[in-house]
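Down below is the structure, laid out as C-alpha cells.
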Amino acid sequence: MLKRKTSGVVRAASRTPLLTTVAEKSVDRRAFLRGSGLAIGGLAALGMTGGTVTRANAQEAVARAVDTVKTVCTHCSVGCTVVAEVDNGVWIGQEPGYDSPFNLGAHCAKGAAVREHAHGERRLKYPMKKEGGVWKRISWDQAITEIGDKMLDVREKNGPDSVYWLGSAKHNNEQAYLFRKFAAYWGTNNVDHQARICHSTTVSGVANTWGYGAMTNSYNDIHKSKAIFLIGGNPAEAHPVSLLHMLKAKEENNAPLIVCDPRFTRTAAHADEYVRFRPGSDVALIWGLLWHIFENGWEDKEYIRTRVWGMDQIKDEVKKWTPEETERVTGVPGAQLERVARTLVNNRPGTLIWCMGGTQHTNGNNNTRAYCILQLALGNMGVAGGGTNIFRGHDNVQGATDLGVLSHDLPGYYGLVPGAWAHWAKVWGEDLDWLKGRFAMLNGPDGQPAVDADGNPRSLMNENGIPVSRWIDGVLEDPANIDQNDTIKVMVLWGHAPNSQTRMTEMKTAMEKLDTLVVIDPFPTVSAVLHDRTDGVYLLPATTQFETRGSVTASNRSLQWRDQVMAPLFESKTDHEIITLFAKKFGFADRLLRNIGMESENVPMIEDLTREFNRGMWTVGYTGQSPERIKLHMANQHTFDKTTLRADGGPCDGDYYGLPWPCWGTPEMKHPGTPNLYDMSQSVANGGLPFRARFGVERDGENLLAEGVYTVGSEIQDGYPEFTYQMLRDLGWHTDLTPREKAIIARVAAIDGFDVSDEEIGEAEGMAFPSDYDDRVSAINWKTDLSGGIQRVAIKHGCAPYGNAKARCVVWTFPDPVPLHREPLYSNRRDLVADYPTYEDRKFYRLPTLYASIQSKDFSQDYPIILTSGRLVEYEGGGDETRSNPWLAELQQDMFVEINPRDANNLGIRDGSMVWVEGPEGGKVRVKAMLTQRVGAGVAFMPFHFGGHFQGEDLRSKYPEGADPYVLGESTNTAQTYGYDSVTQMQETKATLCKITAA
Ligand code: SF4
C-alpha cells in the first residue's frame with residue numbers, strides 16, 4: 001500500500017555473480033574481499049544488486065564445509081530464527097529458520113536483510129570524539145580514560161546521579177543484566193531503556209491487574225483463538241511474521257478479526273470489522289463495548305465471581321458509557337459496537353492484542369487496564385486461544401525489562417525497596433553497606449538532608465530514577481525542582497535512538513547543555529548530529545548481536561539462544577566488554593564480576609552471567625532456564641509443536657519452547673515453562689497457573705483470593721496467599737525441603753552462628769540445624785529463597801508459589817483506580833476537555849510533570865489536526881540501523897505525512913508536495929504529503945523511523961564520514977509534544993495536535 005519511491009523494473013530474485021562464485025567454492029575472508037574487488041563497504045552494496053535468500057541445501061553446505069549458525073533476528077519481538085551461512089568466519093548468506101515454531105520459515109523484509117545489518121558499511125568503525133567541530137579517531141584506551149575521568153569528576157562534584165546510563169532493548173539478556181548491575185555499582189537509578197516509551201503502561205497496568213506485566217499467551221496460541229480483537233497495533237508492519245499466526249486462526253477457525261485503530265492500516269486491510277475511532281479515546285471505546293455486554297448480561301458471571309475482584313465498580317463507570325456518549329467521545333456508532341460486542345461474546349475464547357497505539361498516552365495505564373477488564377468480563381483469561389497478547393517492539397525489550405534496565409526496578413521486578421537490594425546483594429555476594437555507600441543521600445533545597453514522612457534520610461538508592469522519557473528535563477529543569485542533588489551532566493546513550501522520543505527541539509538544547517555526550521552503538525545515531533556541539537561528544541562502536549552470543553526473550557516470554565555468527569567487525573566491542581572496561585576504570589570490576597569467569601582479559605563469560613541471574617530471578621521464574629537448556633531447545637526446534645509449543649519426544653520432551661517464564665525452581669527441577677499465564681486447566685508443574693496473590697488477601701472486607709477454583713492437582717482447593725516458609729510449616733510441607741535447601745534458606749535468613757560454606761551446603765545431608773530454625777526462617781518466601789526449595793515444594797503439592805487470587809479491576813494505588821477516559825493534553829475537543837479533564841500537575845519520578853496547566857490552554861484553533869504516529873514494515877525503531885541497510889533503504893526513501901484528501905483539499909495541498917507539519921510547542925518538520933483515506937478527516941499520521949533532518953535542515957554533513965545512513969528524513973518527534981502517563985511517565989505520541997501548511 002505504501003508507495004514505492006523508485007520507479008523502474010522489478011528485479012529478479014537471482015544471485016549476483018559474486019554470490020554465485022562464493023557458492024561454488026569455499027573462500028576465506030581475505031580471498032572473498034580480493035575476489036570481489038570490494039572493500040568491506042562493498043559487502044553491503046551486494047544488497048543493492050539484488051541479493052537473495054534461499055532455502056538451505058544441507059548436503060551442499062556439508063560438502064563445502066560451510067557452517068550454519070543459528071541466531072535470532074535483532075529487530076522485532078517475534079523472535080524469528082535466522083540461519084547464517086558462514087564460510088571461514090565470513091557471513092556469506094542467510095535463511096529463515098524453517099524449524100522455528102515462531103517463524104516457520106518466514107521472514108519479513110527486516111529479518112531477510114539482517115546480514116547487511118551486521119556487515120553494514122555505514123557502521124561506526126572505531127572510537128571517535130568531536131574536537132573543535134571535527135570528528136577525530138581515537139583509541140579505545142583514550143576513550144575509556146577520557147570519558148571515565150570525566151565521569152569520576154562529575155561523580156565527585158555533582159554526585160553519581162549526574163551521570164545517566166541509558167541502556168537498551170538491543171542488549172541480550174546477559175548484557176541487560178550486567179548493565180543494570182553495573183549501574184547499581186556506579187550508584188544510581190538513572191538507568192532505563194526503550195520499554196519506558198513503548199510498553200511501560202502495559203507492564204504496570206497488566207501487572208497490577210493479575211500479577212505479571214507481560215504477554216499472557218503466545219503468537220502460536222492465537223491459532224486457537226475464535227476471535228481476534230486488535231486495538232492500537234499494526235502487526236502487518238510492526239510484527240509482520242506474527243500475521244502468519246493470526247491468519248491461521250482466521251482461516252482455520254473462521255475467527256473474525258476486529259481491528260480498532262484511528263488509521264486504516266495494512267493490518268486493518270485483513271479485518272472482518274474495522275472500527276475507526278478518535279485517537280486517545282480507548283477507554284471510552286472499551287467501556288462502550290462493555291456497556292452492551294453488561295446491558296445484555298453477556299459477561300461470564302461465574303468466572304467473575306470466582307476469579308475477579310472489583311467488576312461492580314467497573315459496571316458503575318460503564319453505565320455512563322451509553323451508545324450516545326460513546327459515539328460523542330469516540331466517533332464510533334453504537335450499532336457497530338453492539339455488533340462487535342456480539343461477535344466477541346459469540347466467539348469465545350478470543351484474544352485481545354494491543355501495541356503502542358494503546359500504550360503511548362497520558363492515561364496509557366488506564367487503556368491497558370481497560371483492555372484487561374474486557375477480557376476478564378468475557379472470561380477469556382487463562383485459557384488457550386484467549387489472553388492478552390501484547391506484542392512487544394524490539395527483539396529484546398521483554399528481556400531487558402525483565403532484567404531490570406529500568407529506573408524504578410532491579411532485575412526480576414523486585415523494585416527498589418531495601419529488601420530488594422538485600423536480595424540482590426546476596427545473589428551478587430556483595431557487601432550491602434558498600435552498595436549503599438555508592439548512592440547519594442538526597443539533599444533538600446536548603447542543602448540539608450531530605451527526610452521521608454517518617455523523618456528518615458532519603459537515600460536515592462530507594463527512589464525511582466529519572467525515566468528515559470524525561471532525561472531532557474533532568475538536564476534542563478531548575479535543580480531546585482528535581483529530587484536529586486544536581487542535574488544530569490553526562491549522558492550515555494547506549495543502543496538508543498533519540499528520535500524515538502518526543503520534544504526533539506528541547507532535546508537538542510539538552511544535548512548542548514550537557515558536559516559530555518557519549519553514544520555507544522553500532523551506528524552513530526541521530527545523537528551524533530542533532531545538536532550543534534563542537535566538543536565533548538564521543539562515539540564508541542558497539543557490536544551487533546550477531547558478533548556475540550547469549551539469550552534473548554521473545555514477546556511470549558520464551559528465551560532463545562543466539563550463537564555467534566562472526567567476529568566483531570572493525571574495532572567494535574560487545575556491550576559486556578565495554579561494561580567491563582568502564583568497571584575496570586572505576587575500580588569495581590573485581591566486585592562486579594566476582595562470580596563470573598572471563599573468556600579473555602576484558603570479556604566476561606556469557607553463560608556465567610545467565611547462571612548468575614538464574615540464581616536471583618525467582619519472582620518471574622527466570623531461574624530454570626540454564627544456558628544448557630536454552631541451547632538444547634534451539635538445537636531441537638523441530639521437536640516442538642507449532643501451536644502448543646510443547647516438545648513431543650526428543651531431548652526436550654515435555655518442555656515448552658524457550659521455557660517461557662515463569663520456568664520455576666532450579667534448572668535441575670526441569671520445570672517445562674509456562675506457555676499461557678493463569679491457565680488453571682493445567683497443573684503448575686505442567687505450566688498451569690492461577691492469578692497471582694500480589695495485592696493482599698482482603699480489600700474493603702472482601703476476599704481477594706480465588707473462590708473455590710484452583711489449578712489441576714492443587715492440594716489446596718481454594719484461593720491461597722503467596723508461599724512463605726511459615727506457610728509451608730503451617731501446612732506441614734516444610735519437611736519436604738532437602739537439607740541442602742534448608743541450609744541455603746538458613747544462609748539467606750542469616751541465622752547467627754550458623755555460617756555454612758558452599759562445600760558444606762553441597763554436602764548438607766545429615767546437617768544439624770539450630771533448634772529454633774523454623775522460627776528464624778519463617779519470613780523467607782518464594783521470592784527470596786535462593787535454594788528454590790519453597791517453590792519446589794509448593795509445586796510438588798500442586799500449588800503456585802505466588803498464591804491463588806482474583807484479578808483486580810480496581811487498582812487503588814493508581815491515580816485512577818477505576819480506569820477513566822481523560823482527554824489528551826492537546827485536545828481539539830474542548831467540549832470533552834470540560835467533561836473529561838486530565839490530571840492536576842504533580843511531581844513523580846523526581847520531576848515536576850505537567851497536565852492541567854497544558855490542557856487548560858486551547859491550541860485547537862491554530863493547531864486543528866490530530867497528529868498520530870506509528871511504524872513502517874521497512875524500518876524499525878528510530879531507524880538508524882535499518883535506514884543504513886541498503887536492502888531496506890531502497891524500499892522507503894522519503895519521510896511523509898498521511899493527510900486525508902478532504903483536509904488536503906481544504907489546505908490547498910497536493911499529493912507528493914512538500915508540507916510543514918508543526919506542533920503546538922513550535923517543533924516543525926518538512927515532509928512529503930501523502931493524500932490517503934487511511935487517515936480520517938482531521939487526523940494526520942507520520943512514521944517515527946526517520947532522522948537526520950531537523951526542521952528543514954539536512955544534517956548529513958554532520959555525520960562522521962562514511963557513517964551516515966543511506967536514508968535521512970525528518971523525525972515526527974520534532975513536532976510531537978509534551979505529555980506523560982500518570983503512572984509510568986510513558987510519552988504521548990498518539991494524540992497531539994498539529995497544523996499543516998504548504999512548504
Ligand atoms: Fe521476524 Fe520481526 Fe525479524 Fe521480521 S522483524 S523477521 S517479524 S523477528
Side-chain angles (χ1 to χ4, degrees), residues 47 51-53 55 70-84 93-118 120 169-170 172 194 198-199 215 218-220 222 230 233-248 265-267 270 353 355-356 389-400 497 544-546 551-562 565 634 637 642 657-658 870-885 887-889 891-892 943-945:
T52 182
V53 173
R55 176 157 189 152
K70 263 190 195 173
T71 182
V72 175
C73 175
T74 51
H75 292 304
C76 90
S77 70
V78 174
C80 299
T81 295
V82 177
V83 180
Q94 68 166 89
E95 312 157 23
Y98 284 80
D99 292 335
S100 163
F102 296 156
N103 60 301
L104 307 160
H107 270 171
C108 73
K110 293 183 283 275
V114 287
R115 192 188 75 101
E116 316 311 311
H117 166 47
K170 293 298 178 203
N172 62 30
Q194 291 87 357
C198 66
H199 270 292
M215 180 166 174
S218 66
Y219 294 110
N220 303 67
I222 296 170
L230 198 152
N234 180 17
E237 300 207 59
H239 306 84
V241 170
S242 73
L243 222 62
L244 269 181
H245 304 290
M246 292 163 60
L247 294 179
K248 186 172 166 71
T265 60
R266 283 180 170 178
T267 308
H270 295 277
I353 299 167
C355 298
M356 281 154 51
N389 280 313
I390 307 145
F391 295 177
R392 303 298 300 257
H394 293 279
D395 60 317
N396 202 31
V397 72
Q398 183 63 54
T544 66
Q545 289 298 333
F546 303 114
S551 66
V552 52
T553 305
S555 194
N556 73 311
R557 298 167 284 107
S558 284
L559 276 67
Q560 302 190 96
W561 194 268
R562 288 188 181 112
V565 176
M634 216 57 198
Q637 289 177 314
K642 306 305 184 238
Y657 179 67
R871 285 189 154 111
L872 301 176
V873 70
E874 297 87 358
Y875 295 141
E876 197 241 0
D880 297 296
E881 300 164 341
T882 42
R883 285 182 288 104
S884 299
N885 186 319
W887 286 17
L888 300 173
L891 300 174
Q892 186 66 46
F944 66 78
H945 310 293

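Computed from heavy atoms alone, side chains included, the values below leave out hydrogens, waters and symmetry copies. Start at 1 and go down the list; that is how both ligands and their atoms are numbered. Because the structure is predicted, anything quoted here is derived from the model rather than measured.
For the residue pair His394 / Glu876, a side-chain donor-acceptor distance below 3.5 Å is found, with atom types taken as modelled. There is a side-chain donor-acceptor pair under 3.5 Å between Gln637 and Thr81. At a cut-off of 3.5 Å, with distance as the only test, no side-chain donor of Arg115 or Gln94 sits close to an acceptor on the other residue.
Around atom 1 (Fe) of ligand 1, the protein contributes the following N, O or S atoms at distances under 2.8 Å: Cys80 SG.
With salt bridges taken as basic N to acidic carboxylate O contacts below 4.0 Å, one links Glu237 and Arg266.
Not a single donor-acceptor pair under 3.5 Å links the side chain of Asp395 to the backbone N or O of Val552. A distance-only check finds a donor-acceptor pair linking the side chain of Lys70 to the backbone of Met634 [under 3.5 Å].
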